[in-house]
Amino acid sequence: MLGAESLCVQGGARRGHASSGPERCLRVCLNALLAPAVLVTGLGVWRGEMAAEVLPSARWLYCGEPDESQRALLVQFSNGKLQNPGNMRFTLYKSNDSTNPRKRSQRILAAETDRLSYVGNNFGTGALKCNTLCRHFVGILNKTSGQMEVYDAELFNMQPLFSDESVQSESTLESHTKSFREKMDSCIEAFGTTKQKRALNSRRMNKVGSESLNSAVAKAAESIIDTKGVTALVSDAIHDDLQDDSLYLPPCHADAAKPEDVYKFEDLLSPAEYDALQSPSEAFRNVTSEEILKMIEENSHCSFVIEALKSLPSSEESRDRQARCIWFLDTLIRFRAQKVIKRKSALGPGIPHIINTKLLKQFTCLIYNNGSLRNLISDSMKAKITAYVIILALHINSFQIDLTVLQRDLKLSEKRMMEIAKAMRLKISKRRVSLAVGREEDHKLGTLSIPLPPAQALDRQSKRRKIT
């Protein structure tokens with residue numbers, strides 16, 4: 001339409017109220033007459049030149065939408081004014097979903113110049129909120145007749161679109177590969193306080209220092225391996241493990257001529273400690289069959305203790321020795337089941353003072369907790385108690401014991417029980433055992449015999465074997 005001017009009219013009618021014509025409009029924005037305007041519709045592009053004079057009055061004619069179900073498109077550019085708007089090429093994309101009332105009116109407007117591309121839409125985060133708060137109109141003024149045709153319009157905010165997407169893809173990939181800590185550090189670098197940035201720099205310096213230390217240690221280890229050899233280092237490590245095991249295994253006399261001299265009874269209980277067991281072991285020494293049945297019913301003692309009480313010798317001296325050993329073994333098993341000893345008496349009254357002192361000094365380690373000292377039964381101490389229980393059981397049962405029964409009484413895994421037994425140089429064998437209900441199961445037996453098998457360290461050796 002030649003000789004026409006583009007005019008933007010904003011209507012202040014509320015949403016939800018239909019406008020019957022331009023008479024319902026509250027405000028006419030004549031600022032469009034002071035600057036060039038671009039009108040884009042689905043039918044084409046109109047461009048008008050500014051008139052030298054403005055008519056004193058005009059007649060309005062409201063025409064609705066210039067195209068079916070499509071309002072006129074007004075555009076504004078987020079990066080400023082266009083220097084040459086005549087070179088713009090516009091493309092409008094409509095939603096194909098005609099059933100959904102929300103998606104039916106969705107539009108995407110693309111614009112291209114020789115240097116840059118732009119895109120705008122009327123939905124999503126990039127859409128202008130003013131389209132929902134007020135109505136926009138475009139007026140076409142005919143200077144000859146003095147009549148203005150007013151059309152419904154929609155405003156689009158055009159943003160530049162960079163064709164090089166590699167930068168965006170790289171930044172997206174980097175954000176996905178970064179850990180939560182790295183993302184937090186980036187936020188602190190950009191928006192953090194001075195104190196937070198100082199703490200971040202300090203942590204990074206410490207990280208660099210630890211990496212340098214690890215590198216130096218790795219180089220030193222490589223140098224030692226090259227100089228000494230892997231075989232010699234593994235041999236030294238096994239020897240060190242055996243020395244460490246001796247800290248919580250009973251003293252072993254590997255050159256002994258008899259099994260009873262390998263782990264001497266005097267190394268387990270001193271003469272004074274043995275004498276102190278006379279009074280508390282009296283109940284075991286004089287136990288009757290009815291009392292043993294009651295122990296089984298009440299489950300007051302472990303299986304090994306009950307079986308040992310069933311087979312007490314008739315000789316008074318041997319019976320007394322066996323009763324003392326069984327009582328001390330039962331005490332060790334009950335003591336091992338605890339974690340922290342909070343009182344001076346480990347297992348309550350009835351324990352001789354010398355035995356209580358032996359338990360605390362020999363089978364616990366001191367820790368400081370909440371302002372007081374406590375006696376802790378650590379994992380190494382539990383292994384030590386297990387080894388002493390095995391030695392006592394060997395002395396009770398003529399140096400052959402059912403390791404499966406002891407393992408269940410001590411609530412240990414079979415693997416752990418076998419590790420400790422092999423570290424104590426026992427020979428392991430299997431035996432088929434008949435159960436009371438007519439079933440049978442395999443039990444592991446441990447035998448202390450001369451000559452002793454080669455010494456084996458505990459689980460640390462198996463871990464090293466996996467690593468090497």
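- Within a 6.0 Å radius of CD in Glu440, other residues, nucleotides and ligands contribute more than 12 heavy atoms.
- Counting all heavy atoms, side chain and backbone alike, Ala256 lies closest to Val262 at CB-N, 3.7 Å.
- Looking at heavy atoms from C-beta onward, Ile390 lies in side-chain contact with Met417 at the 4.5 angstrom threshold.
- Taking 4.5 Å as the limit, every side-chain heavy atom of Ile354 sits out of range of all side-chain heavy atoms of Thr357.
- In terms of heavy-atom proximity, Tyr263 sits nearest to Leu448 at CD1-CD2, 3.9 Å.
- Sorted by first and then second residue, the ring pair (Phe, Tyr, Trp, His ring centres under 6.0 Å) pairs with a member in residues 398-420 read His395-Phe399; sequence neighbours excluded.
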Next item on the list: Evaluate the criterion side chain to side chain contact (heavy atoms under 4.5 Å, CB included) for residue pair Tyr388 and Leu329; output intermediate values, then yes/no.
Entry: CA-CA 8 Å; Tyr388 274 72; Leu329 182 144; over 6 Å; no

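- Residue Asn375 is tested with Leu359, Ile341, Ile367 for a side chain to side chain contact (heavy atoms under 4.5 Å, CB included); the sole match is Ile341.
- Panel note: side chain Asp185, backbone Leu200; no donor-acceptor pair is recorded below 3.5 Å.
- Scored by the side chain to side chain contact (heavy atoms under 4.5 Å, CB included) test, Ala308 finds Ile326, Ile396 as partners (sequence neighbours excluded).
- For the pair Phe77 and Lys81, the minimum side-chain heavy-atom distance is 4.5 Å or more.
- Closest heavy-atom contact between Asn356 and Ile351: N-CG2, 3.9 Å.
- A donor-acceptor distance shorter than 3.5 angstrom exists from the side chain of Thr386 to the backbone of Lys382, with no hydrogens or angles considered.
- Every residue meeting the side chain to side chain contact (heavy atoms under 4.5 Å, CB included) condition with Lys310, not counting sequence neighbours, appears here in chain and number order: Ile292, Ile296, Ile306, Glu307.
- The two residues Phe156 and Leu128 make their nearest non-hydrogen contact at C-CD1, 4.1 Å.
- Ion pairing between Glu297 and Lys294 fails under the 4.0 Å rule for side-chain N and carboxylate O.
- Arg285 contributes no side-chain N or O that, together with a main-chain N or O of Arg319, makes up a donor-acceptor pair within less than 3.5 Å.
- In terms of the ring pair (Phe, Tyr, Trp, His ring centres under 6.0 Å) criterion, Phe304 has no residue partners (sequence neighbours excluded).
- No side-chain heavy atom of Glu189 sits less than 4.5 Å from a side-chain heavy atom of Lys197.
- Taking the salt bridge (charged side-chain N to carboxylate O under 4.0 Å, His left out) definition, one finds that Asp152 meets it with Arg135, sequence neighbours left out.
- A distance-only check finds no donor-acceptor pair linking the side chain of Arg107 to the backbone of Leu92 [under 3.5 Å].
- Within 6.0 Å of OH on Tyr93 lie no more than 12 heavy atoms contributed by other residues, nucleotides or ligands.
- The minimum heavy-atom distance between Arg416 and Ala383, with the atom names listed, is NH2-CB, 3.6 Å.
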Side-chain donor-acceptor contacts of residues 421-431 below 3.5 Å, not counting sequence neighbours, with atom names and distances?
residue : atom : partner : partner atom : Å
Arg425  : NE   : Pro453  : O            : 2.9
Arg425  : NH2  : Pro453  : O            : 3.2
Lys427  : NZ   : Ser449  : OG           : 3.2

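- Among residues two or more places apart in sequence or in another chain, the side chain to side chain contact (heavy atoms under 4.5 Å, CB included) test is passed with Lys358 by Leu269, Glu273, Phe328, Gln362.
- Other residues, nucleotides and ligands contribute over 12 non-hydrogen atoms within 6.0 Å of the CG atom of Asn100.
- Screening residues 332-341 for salt bridge (charged side-chain N to carboxylate O under 4.0 Å, His left out), with sequence neighbours left out, gives Asp330-Arg334.
- In this structure, Ser281 contributes its side chain and Ala323 its backbone to no donor-acceptor pair below 3.5 Å.
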Next item on the list: Report the C-alpha distance between Ile377 and Phe363 in whole Å, list the side-chain angles of each, state the deciding distance to 0.1 Å, and finish with yes or no for side chain to side chain contact (heavy atoms under 4.5 Å, CB included).
Entry: CA-CA 7 Å; Ile377 304 177; Phe363 301 110; over 6 Å; no

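- In this structure, Ala393 and Leu406 approach most closely via the heavy-atom pair CB-CD1, 3.8 Å.
- Residues passing the side chain to side chain contact (heavy atoms under 4.5 Å, CB included) test with Asn286 are Glu282, sequence neighbours excluded.
- Taking a 6.0 Å sphere around CZ of Arg432, one finds it holds more than 12 heavy atoms contributed by other residues, nucleotides or ligands.
- Surrounding CD of Glu441 are more than 12 heavy atoms belonging to other residues, nucleotides or ligands, all under 6.0 Å away.
- Taking 4.5 Å as the limit, some side-chain heavy atom of Cys130 sits within range of a side-chain heavy atom of His136.
- Residues Asp402 and Leu445 have side chains in contact (heavy-atom distance under 4.5 Å, counting atoms from C-beta outward).
- Under the 4.5 Å side-chain criterion, counting only non-hydrogen atoms from C-beta, Phe265 is in contact with Cys325.
- With sequence neighbours excluded, the residues satisfying ring pair (Phe, Tyr, Trp, His ring centres under 6.0 Å) with His301 are Phe284.
- No hydrogens or angles considered: nothing links the side chains of Glu112 and Ser117 as a donor-acceptor pair under 3.5 Å.
- Every residue two or more places apart in sequence or in another chain was checked for a salt bridge (charged side-chain N to carboxylate O under 4.0 Å, His left out) with Glu182, and none qualifies.
- The salt bridge (charged side-chain N to carboxylate O under 4.0 Å, His left out) analysis of residues 114-132, with sequence neighbours excluded, yields the pairs Arg89-Asp114.
- By the 4.5 Å heavy-atom criterion applied to side chains, Asp261 and His253 are not counted as neighbours.
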